[in-house]
2 protein chains.
Amino acid sequence: MGAKTSRRAKPADESRQRILEAAFEIANELGYEGTTISKISARSGISASSIYWHFGSKDGLLAAVLTDSFERWEAVNMDLEAPLPGTSLGEHLRDIHAQAARSITENPEFWRLGLMLTLEQRISDVTARTQFLEIRSNVLGRLAGWWRKRMAPELVARRPDLAPLLARFNMATMDGLFVSAQADEGWDLQTLATMLADSQVFLLNQAASEGEGTRRNG
Amino acid sequence: MGAKTSRRAKPADESRQRILEAAFEIANELGYEGTTISKISARSGISASSIYWHFGSKDGLLAAVLTDSFERWEAVNMDLEAPLPGTSLGEHLRDIHAQAARSITENPEFWRLGLMLTLEQRISDVTARTQFLEIRSNVLGRLAGWWRKRMAPELVARRPDLAPLLARFNMATMDGLFVSAQADEGWDLQTLATMLADSQVFLLNQAASEGEGTRRNG
DNA sequence: ATTATCTATAGATCTATAGATAATGC
DNA sequence: ATTATCTATAGATCTATAGATAATGC
């Protein structure tokens, strides 16, 4: 009943966008396995066959969802700057981590989706999972580069493993804070971010002083 | 074809166990949403109706899976001891975290399942999810208690928030190492565990020395 | 009688495609 | 002609239950 549905009312890819949004929301709530074309169709109001027309397959759709949401996430979260002159490394790190902690609570969607894809263990035929793992490894590389610039050249030469380790320690802790925030709203993420910043400064100093005169043991 | 299936060949709850195992494996690979009675039936070789007879519902089955796997996990992972006399806190922590890192790679199943349940955001009608969150909060409480015993009474009185914070920092980092290990096999978890131990000792000392004469600012 | 299993099946949901149809761009 | 949509539908899979059947424990 009511007006006959007019086909092709929308310009170009407004529908595409609606589908991506609905799929992103559902994948975020339920993971890859819980995301079905049916649910996406119901939420977006666009027929299942149109979804297939746009994306070809569930795998293709989820891959597009990941790319699309990554672009938005990256714009907000990946500006790694050098500390301003006059700012200590410790202060700067506290700022950076505080910002990261804020983004964990304010827009957790992209990272949550990625972590769910990481934990779901299908043999690897999920394109979106592979994409996320690549993004993750890329972010890690950028973090390591940032750390390398904060280290004295002598230290970089003596401990080439240190920058990647600090980067990994960083990412691991942030992943952990992320999961914690999902499990329980009551965490004081700001304080925990400060603890991480202070720990990193300590670890860096520890490594630097180990080299002064003494040969490392092990 | 072949011999007619004999019903009720098995004693008491051997079947129950087979179902739990199959369900645990599948839930581990695919999360709650990806776990279906059909798949469990196929993997365990036990008919769907028998599964319903044993567990009543999918929710009931997954709740049983979580309880059952938690018991096995707890037996291996939750013996928090005091440091032996003559061992420094730092050395002891390194041991503890090294052990935790080993268990992350050696039997990640229970914790992975829990994290997947945590990240999947269904409104909360999943009993297993609630159970895991309670377990998590319980583990956190035990960790905080452990830390409190390592702190001078004066410090406990002055910074009652410190033990829970160290516990949370600990758990967050371990969650993060866990996720990292799932994403990429190449991590040197032992070194990262050492970094965590050293950081905690540093944070504890930092808090202790802050109280010597100076009033904390903020 | 109770316990534990099976087969069969209803009804929902899911993936994917075929084929019709309407708007757009030549 | 191409683009973007819809309805209809096939066939698979899923949840859950009914009802039959066999072993066990009185």
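Quick note on labels: first sequence line is chain A, next is B, and so on, each numbered from 1.
Between the side chain of A:Ser49 and the base of D:dC6, a donor-acceptor pair under 3.5 Å is found.
Remark: side-chain polar atoms of A:Ser180 are paired, donor with acceptor, to backbone N or O of A:Gly176 under 3.5 angstrom. One N or O on the side chain of A:Arg129 and one on the backbone of A:Glu120 form a donor-acceptor pair closer than 3.5 Å. Put simply, the side chain of A:Arg148 never gets that close to the backbone of A:Ala163: no donor and acceptor are under 3.5 Å apart.
Going from atom CD1 of A:Ile51 over to atom P of C:dC14 covers 12 Å, rounded to whole Å. Atom pair A:Lys39:NZ and C:dT15:C1' shows a separation of 13 Å (rounding to whole Å applied). Put simply, CD on A:Glu33 is 14 Å from P on D:dT13, counting in whole angstrom units. Rounded to an integer number of Å, the gap from CZ of B:Arg16 to C1' of C:dT5 is 16 Å. Rounded to whole Å, atom P of D:dC14 lies 11 Å from atom CG of B:Leu30. Whole-Å rounding puts the B:Ile37 CD1 to D:dA12 P distance at 22 Å. Residue B:Asp13 contributes atom CG, which lies 20 Å from atom P of D:dA23 at whole-angstrom precision. Rounded to an integer number of Å, the gap from B:Tyr52 OH to C:dT7 C1' is 16 Å.
Nearest nucleotide to the A:Trp53 side chain, out of C:dC14, C:dA16, D:dA4: D:dA4. Considering only the side chain of A:Ser15, D:dT5 comes nearest among C:dA16, C:dT3, D:dT5. For B:Lys58, counting side-chain heavy atoms from C-beta on, the closest listed nucleotide (D:dT15, C:dT15, D:dC14) is D:dT15. Nearest nucleotide to the side chain of B:His54, out of D:dT5, C:dT5, C:dC14: C:dT5.
The aromatic rings of A:Trp73 and A:Trp111 lie parallel to each other, their planes meeting at an angle below 30°, with 60° marking the opposite boundary.
For C:dG19, the paired base is D:dC6 (Watson-Crick or G-U wobble, both distances below 3.5 Å). Base pairing analysis places D:dT24 opposite C:dA1; the two distances defining the Watson-Crick or G-U wobble pair are each below 3.5 Å.
Side-chain N/O atoms of B:Ser50 include none lying less than 4.0 angstrom from OP1 or OP2 on C:dT5. Within the structure, every side-chain polar atom (N or O) of A:Ser47 is placed at least 4.0 Å from both OP1 and OP2 of D:dT5.
A:Arg142 forms no cation-pi arrangement with A:Trp146, by the criterion of a distance under 6.0 Å to the ring centre and an angle within 45° of the ring axis.
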